[in-house]
There are 2 protein chains.
Amino acid sequence: MLVDTGLCDRAAHVCHHRRSENGCVDCKVRLISVCSVLALPELEQLEALSQHLSLDKGQALFGQGETASSVFNVIEGALRLTRLLPDGRRQVMGFALPGDFLGLALQERYSVSAEALGPVKTCRFARHDFAAMVEAKPHLLRSLHERAGYELSLAQDQMLLLGRRTAEEKVAAFLLSLRDRFARAGHSSITVELPMGRQDMADYLGLTMETVSRMLTRLDRAHAILLVPGGARLLDPAKLERLAAS
Amino acid sequence: MLVDTGLCDRAAHVCHHRRSENGCVDCKVRLISVCSVLALPELEQLEALSQHLSLDKGQALFGQGETASSVFNVIEGALRLTRLLPDGRRQVMGFALPGDFLGLALQERYSVSAEALGPVKTCRFARHDFAAMVEAKPHLLRSLHERAGYELSLAQDQMLLLGRRTAEEKVAAFLLSLRDRFARAGHSSITVELPMGRQDMADYLGLTMETVSRMLTRLDRAHAILLVPGGARLLDPAKLERLAAS
DNA sequence: CGACTTGTTGACGCCTTTCAACGTTGGTGG
DNA sequence: CCACCAACGTTGAAAGGCGTCAACAAGTCG
């Protein structure tokens with residue numbers, strides 16, 4: 001698609017050190033990220049503030065309670081967003097996928113911890129710089145606010161799930177919601193990738209690892225899904241919807 | 001403070017029909033609502049768009065999925081915000097208290113239903129009008145966005161509670177969080193008012209009414225609280241914090 | 001190949017739900 | 001004034017869903 005893709009591949013290191021491929025214009029997630037509301041000149045302005053940051057599996061991007069010095073756009077890979085109880089019990093608040101923006105509330109401190117589930121590429125901005133840009137561009141703030149509203153709605157879905165659904169319903173609903181999220185990002189497929197482990201799913205759904213495993217095999221045996229390494233094939237989405245009670 | 005307070009009191013009905021007391025300037029919740037970021041001339045502008053709306057106990061302000069034609073500021077009383085599963089299971093997403101803004105995401109449709117827990121007074125704006133004002137005043141949008149970030153953080157607290165706390169912890173944490181919310185609104189007291197019924201608490205905490213009742217009496221018998229009609233006196237907040245595991 | 005991490009499966013126990021009875025409060029009308 | 005009723009809350013007994021503990025399987029990396 002682009003002219004210097006070849007060049008970029010050869011000089012991959014330098015390129016990644018600067019910006020995505022040849023800059024924001026060519027960014028894989030531009031059209032599904034907050035950047036999509038920016039015009040070209042604004043995009044260049046943003047690019048000047050950006051900086052690429054890669055993480056390996058398990059690395060933390062930031063921790064709950066830390067001063068929020070940066071905000072991030074996820075370009076590639078997935079992260080889990082978690083909160084901890086003092087005694088170590090963990091709740092996964094969500095999973096960040098390509099196109100997601102981390103720190104959109106622009107608050108002083110991170111309200112969750114973010115850890116890479118696998119290799120991750122992000123676009124980093126100093127919060128101060130980004131906030132200044134937001135201040136100068138109300139439509140960017142508007143876009144951020146829209147996203148915040150969407151996040152709030154997702155959080156409400158999750159509260160309903162955590163409070164009022166059974167284990168089987170939780171797992172079924174989780175698979176469907178993941179499918180929908182991938183579809184929104186332009187990745188429609190009958191096979192849902194599960195970049196997170198069973199424990200992460202459990203901590204997301206308010207269950208134990210064992211129960212998640214049991215429910216997945218139950219759905220498998222009911223021919224609603226087919227478990228494959230690193231994912232699940234949704235054989236019977238209609239049945240899944242019924243089981244999810246949504 | 002204002003000249004025609006006397007007049008207004010005598011003509012209370014008309015006044016309430018128009019705006020709070022003598023208008024936004026005298027509004028009880030002005031300093032704790034989104035309006036607090038508005039300068040006086042802006043406040044008058046807002047007042048021109050406002051309209052008072054009162055509800056009786058049980059009345060619905062709006063329903064989930066309905067077109068969001070209005071947004072609201074809660075002036076007096078409390079509402080519950082709920083979502084329903086198709087089979088009738090209910091999750092209370094939160095309780096709106098004086099100073100809270102309903103519809104701050106400014107989305108097309110309401111994501112929850114709102115019902116009055118008792119007599120309620122609200123300040124109503126046509127969403128279109130309010131959105132236009134927000135568009136013209138970035139600092140108002142900024143304020144809305146800050147509130148959205150706070151709401152998101154509360155939602156995360158609740159997800160942690162729903163997913164990872166025991167029944168006793170849930171109830172203890174609930175009492176403490178209610179106390180803190182009243183304190184934020186300037187209503188510090190050792191006795192926490194409980195404007196909602198046991199079923200509403202249960203649907204908020206992901207429990208049954210019976211379990212909530214049992215945990216409350218258990219806390220009472222442990223001398224952590226004292227149950228009183230319509231509320232609870234927090235006898236031993238420290239013990240409560242310990243029991244809440246927060 | 002062996003150690004380690006991750007996931008699956010089974011047996012058992014407990015916390016919360018379910019079902020049911022009873023108590024309490026407040027409003028209504030005789 | 002009090003009987004009556006409905007809504008709300010409390011308490012008990014029993015059942016069940018999910019968690020806990022433990023063994024085992026499978027995939028991964030040195």
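We use all heavy atoms of the structure for the numbers below, so side chains are in, but hydrogens, waters and symmetry mates are not. Each chain gets a letter, A, B and so on, in the order the sequences are listed, and its residues count up from 1.
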Exercise. What is the distance from CZ of B/Arg198 to P of C/dT24, rounded to the nearest Å?
Worked result: 15 Å
Exercise. Whole-Å distance between C/dT6 P and A/Leu194 CG?
Worked result: 16 Å
For this session: Would you indicate whether the side-chain heavy atoms of A/Val171 and A/Leu207 approach each other to under 4.5 Å?
Result: yes
For this session: Taking only the side-chain heavy atoms of A/Arg221 (C-beta and beyond), determine which of D/dC18, D/dG9, C/dT9 contains the nearest atom.
Result: C/dT9
For this session: Whole angstrom is fine here: how far is it from CG in A/Leu117 over to C1' in C/dT5?
Result: 16 Å
Exercise. Tell me, for nucleotides 23-30 of chain D in 5' to 3' order, what letter each nucleotide earns: B for a base near a protein heavy atom under 4.0 Å, S for only sugar-phosphate near one, - for neither?
Worked result: --------
For this session: Pick base, sugar-phosphate or nothing for A/Gly58, based on heavy-atom distances below 4.0 Å to the nucleic acid.
Result: nothing
Problem set entry | Pair of N/O donor and acceptor under 3.5 Å linking C/dT18 base with B/Arg214 side chain | yes
Exercise. Between B/Ala183 and B/Ser188, what is the shortest heavy-atom contact and its length?
Worked result: CB-OG, 3.6 Å
Exercise. Does B/Glu210 get its side chain close enough to the base of C/dC19, under 3.5 Å, for a donor-acceptor pair?
Worked result: yes
Exercise. Under 4.0 Å between a side-chain N or O of B/Thr208 and OP1 or OP2 of C/dT16?
Worked result: no
Problem set entry | Rounded interatomic separation in angstrom, taking CZ from B/Arg89 and P from D/dG17 | 13 Å
Seminar exercise, completed: In short, A/Glu115 meets A/Ser113 closest at the heavy-atom pair OE2-CB, 3.8 Å
Exercise. For residues B/Ser70 and B/Arg124, is any side-chain donor paired with an opposing acceptor at under 3.5 Å?
Worked result: yes
For this session: Answer yes or no: is there a donor N or O on one side and an acceptor on the other, between the side chain of B/Gln156 and the main chain of A/Ala155, under 3.5 Å?
Result: no
Exercise. How do A/Arg164 and A/Leu227 order along DNA chain C: which one's closest nucleotide is nearer the 5' end?
Worked result: A/Leu227
For this session: Would you indicate, yes or no, if C/dT17 has its OP1 or OP2 atom less than 4.0 angstrom from a side-chain nitrogen or oxygen of B/Thr211?
Result: yes
Exercise. Within the side chain of A/Lys239, is there an N or O that forms a donor-acceptor pair under 3.5 Å with the backbone of A/Ala222?
Worked result: yes
Exercise. Base, sugar-phosphate, or nothing: which does A/Gly230 touch, judged by heavy atoms less than 4.0 Å apart?
Worked result: nothing
Exercise. Has B/Thr217 got a side-chain N or O lying under 4.0 Å from the OP1 or OP2 atom of D/dT11?
Worked result: yes
Exercise. When the ring planes of A/Phe72 and A/Phe62 are compared, do they come out parallel, tilted or perpendicular, using 30° and 60° as the limits?
Worked result: parallel
For this session: Using atom CE of B/Met201 as one end and atom P of D/dC8 as the other, report the distance to the nearest whole Å.
Result: 13 Å
For this session: Return the value, rounded to whole Å, for the distance between atom NZ of B/Lys170 and atom P of C/dC15.
Result: 15 Å
Exercise. Just how far, in rounded Å, is P of D/dG17 from CG of B/Leu207?
Worked result: 18 Å
Exercise. Of A/Thr166 and B/Val212, whose closest DNA chain D nucleotide lies nearer the 5' terminus?
Worked result: B/Val212
Exercise. Taking atom P of D/dC18 as reference, at what distance in whole Å does atom CZ of A/Arg218 sit?
Worked result: 8 Å
Exercise. Less than 4.0 Å between a side-chain N and a carboxylate O, is that true for B/Arg179 and B/Glu241?
Worked result: yes
